[in-house]
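What follows is a short report on a single structure.
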Amino acid sequence: MTELREGEASIAVLTDIHAAGEELEAIEAHLLSVGWGCVSTEGYREAQSTRGGVMIVWDVMKWKLARGAMAHRVIIPGRVVSATLKSVESATALKVIGVYAPCRGRKEKGGGRQHMRGTQGTHEATEHEEEMDMWDATEEEIEKDENVIVAGDMNAETKETMAVNGRERSRQDVRFQQMITRRELTHMSVGRATYRDKSEIDHVLATTSARQYLKEPEWRQGQTVGDHGAVWVKMVVAEAEDAEAYGKDRPRGIALRHMDEEDWGKYAEATVTRTRQEVDETNGEGGAAERIRQRQRILGEEAERVVKEAAEKRRAKKAAQEGEGMAGPDDGPDEPEDEREETE
């Protein structure tokens with residue numbers, strides 16, 4: 001998480017997290033405590049260890065989980081999860097689908113796989129069935145919305161990459177390419193191998209509508225040298241409006257860096273107070289998962305409120321200075337939202 005924060009990431013998909021049950025709940029609670037919202041599908045038990053699992057995380061000062069039962073869905077346990085996120089600073093809404101695909105040519109061990117949460121049940125399938133179910137389900141989830149980003153370790157390559165390297169495509173490579181073609185997805189390629197020096201299997205894909213927000217994909221060193229690298233894509237979150245029909249875009253807020261110490265203090269106090277009143281004091285009705293969702297909602301709502309109040313305060317200060325014929329040294333015009341950039 002330090003790497004994400006230092007890299008100014010606002011959304012990330014983490015795959016093969018090797019966590020489930022109480023361990024995963026503890027991780028989610030810790031992320032919330034340090035300002036990251038998250039949704040996940042836990043890993044699965046294989047032999048004596050926990051494998052797989054996918055987590056989508058976001059900076060709560062920049063994004064919040066949308067309302068509604070369909071805002072967060074486990075599509076394939078241990079493999080595919082989705083979250084619909086709304087920007088705190090603009091009207092932008094994105095569906096993010098995190099994917100951890102089976103390895104190409106992987107052989108199933110006897111006995112299948114047992115997911116550890118009762119709500120997810122037991123998932124047993126042959127290698128072929130599991131691959132096809134995953135790609136079919138992912139395609140169906142993409143089809144439901146216009147602004148969709150699909151990211152993760154897909155253990156498959158595009159036909160162009162396979163052709164350049166002179167390798168024969170596996171069944172999974174073919175199915176991956178079919179999804180890209182049928183859903184008209186843009187592949188934000190980094191132009192190099194992402195797994196060791198062998199294959200480009202970690203991807204960020206975008207629908208035609210979501211493509212407008214993404215630019216400049218790049219490869220960065222992963223957590224372990226010689227293993228998977230990380231795909232980073234710069235994101236511009238503000239929606240472009242029709243200038244001819246509506247005129248010039250007006251600023252909807254200010255950049256978070258303009259918030260002062262008093263603003264941050266108000267945010268911290270408000271989130272702690274509301275959490276005690278709405279989560280802790282009700283004894284967290286609905287269990288740990290519901291408590292996490294309640295905390296995410298509070299963090300997002302309070303971030304949006306404080307940003308708006310800070311913008312109003314700054315505009316009032318500027319108006320007062322102009323009325324007195326003064327100009328503060330640090331008070332330039334409010335930043336148009338279209339020019340604010342974030343990194344995914």
Side-chain angles (χ1 to χ4, degrees), residues 11-15 39 41 54-56 58 63 65-66 68 70-87 91-104 125 127-164 169-191 194-195 199-217 231-237 239-240 344:
I11 302 173
V13 173
L14 310 177
T15 61
V39 298
T41 175
V54 182
M55 180 177 286
I56 300 171
W58 60 90
W63 297 92
L65 189 65
M70 303 303 287
H72 161 220
R73 295 188 62 223
V74 173
I75 311 304
I76 297 290
R79 294 290 184 190
V80 186
V81 64
S82 74
T84 300
L85 304 177
K86 298 185 69 176
S87 171
T92 305
L94 292 172
K95 173 180 281 186
V96 180
I97 303 176
V99 176
Y100 175 56
C103 295
R104 292 179 289 190
E127 179 184 356
H128 175 67
E129 289 170 343
E130 184 175 4
E131 289 174 5
M132 295 306 102
D133 288 348
M134 193 209 75
W135 295 116
D136 288 344
T138 302
E139 263 202 75
E140 289 176 5
E141 191 67 13
I142 294 170
E143 191 176 12
K144 294 175 183 176
D145 292 272
E146 292 185 355
N147 288 338
V148 182
I149 295 173
V150 187
D153 176 1
M154 303 187 197
N155 278 307
E157 296 180 85
T158 63
K159 63 181 181 181
E160 292 83 5
T161 301
M162 297 294 282
V164 168
R169 292 198 292 169
S170 70
R171 181 175 55 234
Q172 184 147 301
D173 296 312
V174 172
R175 190 63 188 84
F176 173 62
Q177 185 65 52
Q178 287 175 341
M179 182 183 74
I180 291 175
T181 302
R182 287 204 288 248
R183 298 301 161 212
E184 299 181 335
L185 303 178
T186 297
H187 179 219
M188 305 299 293
S189 174
V190 295
T194 60
Y195 175 63
S199 50
E200 187 179 359
I201 58 176
D202 303 283
H203 304 282
V204 174
L205 310 171
T207 58
T208 301
S209 182
R211 174 65 181 86
Q212 63 182 307
Y213 306 122
L214 304 183
K215 58 175 70 175
E216 301 176 23
V231 178
W232 289 65
V233 181
K234 187 171 291 185
M235 178 183 292
V236 180
V237 299
E239 290 180 337
E344 179 181 4

Between [X] and [Y], which heavy-atom pair has the shortest distance, and what is it?
X: Ile75; Y: Ser82; value: CD1-OG, 4.0 Å
X: Gln172; Y: Asn155; value: NE2-O, 3.0 Å
X: Val80; Y: Met134; value: CG2-CG, 3.5 Å
X: Met179; Y: Thr138; value: SD-CG2, 3.8 Å
X: Ile56; Y: Val96; value: CD1-O, 3.4 Å
X: Gly98; Y: Val13; value: CA-CG1, 3.7 Å

Side chain to side chain donor-acceptor pair (under 3.5 Å) partners of [X], counting only residues at least two apart:
X: Arg211; value: none
X: Glu139; value: Arg175, Arg182, Arg183
X: Thr161; value: Thr158
X: Glu157; value: Arg104, Arg167

### Task
Find the distance between CE (Met235) and CG (Leu94) and round it off to the nearest 0.5 Å.
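The CG atom of Leu94 is 5.5 Å from CE of Met235, to the nearest 0.5 Å.
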
### Query
Got a second to check how far Leu85's CG is from Leu65's CG, nearest 0.5 Å?
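It comes to 6.5 Å.
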
### Query
Within the distance-only criterion (no hydrogens, no angle test), does the side chain of Thr194 pair as donor or acceptor with the backbone N or O of Glu200 below 3.5 angstrom?
no

### Query
Would you say the side-chain atoms of Asp173 pair up with the backbone N or O of Ser170, donor to acceptor, closer than 3.5 Å?
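Judged by distance alone, yes, a pair lies under 3.5 Å.
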
### Query
Do Thr15 and Asp153 get their side chains close enough for a donor-acceptor pair, meaning under 3.5 Å?
no

### Summary
For Glu146, the side chain to side chain contact (heavy atoms under 4.5 Å, CB included) test, sequence neighbours excluded, returns Ser209

#### Entry: Residues that Thr84 engages under side chain to side chain contact (heavy atoms under 4.5 Å, CB included), provided they are two or more places apart
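Listed in chain order: Ala66, Lys95.
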
#### Entry: Thr207 and Leu185, any side-chain heavy atoms less than 4.5 Å apart
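Yes; the side chains approach each other to less than 4.5 Å.
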
### Query
Would you say Tyr213 and Ile149 make side-chain contact, with heavy atoms under 4.5 Å?
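With C-beta onward as the side chain, the pair stays apart.
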
### Query
Listed by chain and number, what are the salt bridge (charged side-chain N to carboxylate O under 4.0 Å, His left out) partners of Lys144, not counting sequence neighbours?
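For Lys144, the residues satisfying salt bridge (charged side-chain N to carboxylate O under 4.0 Å, His left out) (neighbours in sequence not counted) are Glu141.
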
### Query
For Phe176, what residues pass the ring pair (Phe, Tyr, Trp, His ring centres under 6.0 Å) criterion, not counting sequence neighbours?
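Listed in chain order: Trp135, His203.
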
